[in-house]
Amino acid sequence: VFGTDDQREVALTLTPSAALSVVERSAIRELADAVDPADEQADQPSQQLEWASPQWCVRIFGDDGRLASYIGIVLRDGQHDGHAVRIGGVGAVKTLPAKRNRGYARLGLTRAVEFLREQSKVAFGLLVCDPPLIAYYMRLGWSEYAGQLLVTQAGTATQYTFNRVMTLGLRSPAPIGGTIDLQGPPW
Ligand SMILES: CC(C)(COP(=O)(O)OP(=O)(O)OC[C@H]1O[C@@H](n2cnc3c(N)ncnc32)[C@H](O)[C@@H]1OP(=O)(O)O)[C@@H](O)C(=O)NCCC(=O)NCCS
């Protein structure tokens with residue numbers, strides 16, 4: 001899929017993570033390093049948590065053909081207030097510092113949500129983010145979730161309190177309260 005970025009061409013692809021080549025994986029690692037060089041270090045707070053690996057990803061390549069932006073996608077069978085629900089997750093959203101504020105992440109998030117809508121039975125979308133980004137995701141239609149989020153850490157159900165949780169209505173309205181159980185690690 002091609003779009004324009006101030007008349008310059010950008011390319012967007014959605015790929016199952018398992019289909020990524022070694023070279024593509026190392027480009028994603030390089031992007032992650034450029035976005036947050038400290039993130040892989042064991043003393044980082046986020047490294048204390050167990051995270052799910054994305055099953056699909058959206059990648060956006062800038063006009064120079066290089067990977068500029070990445071969004072991970074997870075499909076998860078969880079529960080909301082005890083009822084089984086399929087949850088569509090987006091995470092690991094990142095854009096190269098030099099390529100920010102061109103709408104790349106917005107473009108990629110829009111494609112990720114479109115993909116979730118195409119899947120059968122995905123009740124709602126869920127993402128976690130730091131407080132400063134809440135307003136950004138609200139502009140893209142997401143709502144802040146005020147209920148409890150349970151995730152699995154080392155095989156045990158644990159309350160998620162690391163940062164904030166946002167939801168997006170898909171086949172069901174976005175839950176704003178209650179208890180969501182991801183029945184697995186967060187993303
Ligand atoms: C957040 C991020 C992915 C946005 O990428 P991008 O391609 O520049 O996104 P877009 O061009 O679609 O939108 C940029 C918007 O994000 C906002 N934004 C980015 N970082 C922000 C921050 N820390 N606090 C508040 N707003 C922020 C910008 O102000 C801009 O707002 P606007 O839509 O009103 O213009 C990018 O800044 C990034 O990689 N940040 C570091 C990693 C991170 O925080 N990822 C999010 C994990 S949930």
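What you are looking at is a predicted structure, and each value in this text was computed from that prediction instead of being measured.
Within the 4.5 Å cutoff, the side chain of Leu14 has no heavy atoms near those of the Cys57 side chain. When side chains are defined from C-beta on, Val151 counts as touching Pro186, because their heavy atoms get closer than 4.5 Å. Within the 4.5 Å cutoff, the side chain of Val58 has no heavy atoms near those of the Leu107 side chain. With a 4.5 Å cut-off on side-chain heavy atoms, Val128 and Phe162 do not count as touching. The closest side-chain heavy-atom distance from Leu182 to Trp187 is below 4.5 Å. A heavy-atom distance below 4.5 Å is not found between the side chains of Trp51 and Pro185. Side-chain atoms of Val93 and Tyr137, non-hydrogen and from C-beta on, do get closer than 4.5 Å to each other. Between Met138 and Ser143 there is no side-chain heavy-atom pair separated by less than 4.5 Å.
Using a cutoff of 4.0 Å between basic side-chain nitrogens and carboxylate oxygens, Lys99 and Asp63 are scored as salt-bridged. For Lys94 and Asp33, the salt-bridge test fails: no basic side-chain N is under 4.0 Å from an acidic carboxylate O. With salt bridges taken as basic N to acidic carboxylate O contacts below 4.0 Å, one links Glu118 and Arg111.
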> Phe61 and Leu12: side-chain contact (heavy atoms from CB on, under 4.5 Å), yes or no, with the steps?
Replying inline: CA-CA 6 Å; Phe61 300 86; Leu12 178 154; over 6 Å; no
>> Does Leu126 form a side-chain contact (heavy atoms from CB on, under 4.5 Å) with Leu149? I'd like the steps, not just the answer.
In response: CA-CA 10 Å; Leu126 185 144; Leu149 182 68; 4.0 Å; yes
> Going through the checks in order, is the side-chain contact (heavy atoms from CB on, under 4.5 Å) test met by Ile180 and Leu150?
Replying inline: CA-CA 6 Å; Ile180 296 173; Leu150 297 176; over 6 Å; no
>> Using side-chain contact (heavy atoms from CB on, under 4.5 Å), reason through Glu144 and Val165 one step at a time and then give a plain yes or no.
In response: CA-CA 6 Å; Glu144 190 161 11; Val165 182; over 6 Å; no
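The hydrophobic clustering, which links ILVMFWY residues whose side-chain heavy atoms are closer than 4.5 Å, places Val74 and Trp56 apart.
Considering CD of Gln119 and CZ of Arg171, their distance stands at 9.0 Å, rounded to 0.5 Å. Note that CD of Gln55 is 9.5 Å distant from CD1 of Ile73, once rounded to the nearest 0.5 Å. The structure places CZ of Phe124 at 7.0 Å from OG1 of Thr167, a figure rounded to the nearest 0.5 Å. Note that OH of Tyr104 is 11.0 Å distant from CG of Leu67, once rounded to the nearest 0.5 Å. Atoms CG and CG, on Leu31 and Asp36 in that order, are 11.0 Å from each other to the nearest 0.5 Å. Expressed to the nearest 0.5 Å, how far CD1 of Ile134 lies from SG of Cys129 amounts to 5.0 Å.
Residue Leu127 forms a side chain to side chain contact (heavy atoms under 4.5 Å, CB included) with just one option from Ile71, Leu133, Val90, and that option is Val90.
Residue Arg66 places its CZ atom among 12 or fewer non-hydrogen atoms of other residues, nucleotides or ligands, all under 6.0 Å distant. Few gaps surround CG on Leu49; more than 12 heavy atoms of other groups in view lie less than 6.0 Å from it. Heavy-atom neighbours of Arg106 CZ from other residues, nucleotides or ligands within 6.0 Å: at or below the threshold of 12.
One side chain, Arg59 or Thr15, offers a donor N or O that lies under 3.5 Å from an acceptor on the other. A donor-acceptor contact under 3.5 angstrom links the side chains of Tyr160 and Asn163, judged on distance only. With 3.5 Å as the limit, one finds a donor-acceptor pair spanning the side chains of Thr179 and Gln148.
The shortest non-hydrogen separation linking Ala68 to Gly62 is CB-N, 4.0 Å. What you find for Pro97 and Ala34 is that their closest heavy atoms are CG-O, 3.8 Å. Looking at every heavy atom in both residues, Pro54 comes nearest to Ser17 through O-OG, 2.7 Å. The two residues Tyr145 and Ile176 have their closest heavy-atom pair at CD1-C, 3.7 Å. Contact detail for Thr152 and Gln183: the closest heavy-atom pair is OG1-C, 3.6 Å. Residue Val122 comes nearest to Ile87 through the heavy atom pair CG1-C, 4.0 Å, listed as atom of the first residue, atom of the second, then distance.
Thr95 places no side-chain N or O within donor-acceptor distance of the main-chain N or O of Arg100, the cut-off being under 3.5 Å. Side chain of Glu50 to main chain of Ala154: a donor-acceptor pair is present (N/O by atom type, distance under 3.5 Å, no hydrogens or angles). Remark: the backbone N or O of Ala19 is not paired with any side-chain donor or acceptor of Ser21 at under 3.5 angstrom. Checking side-chain atoms of His80 against main-chain N and O of Arg86 turns up no donor-acceptor pair under 3.5 Å.
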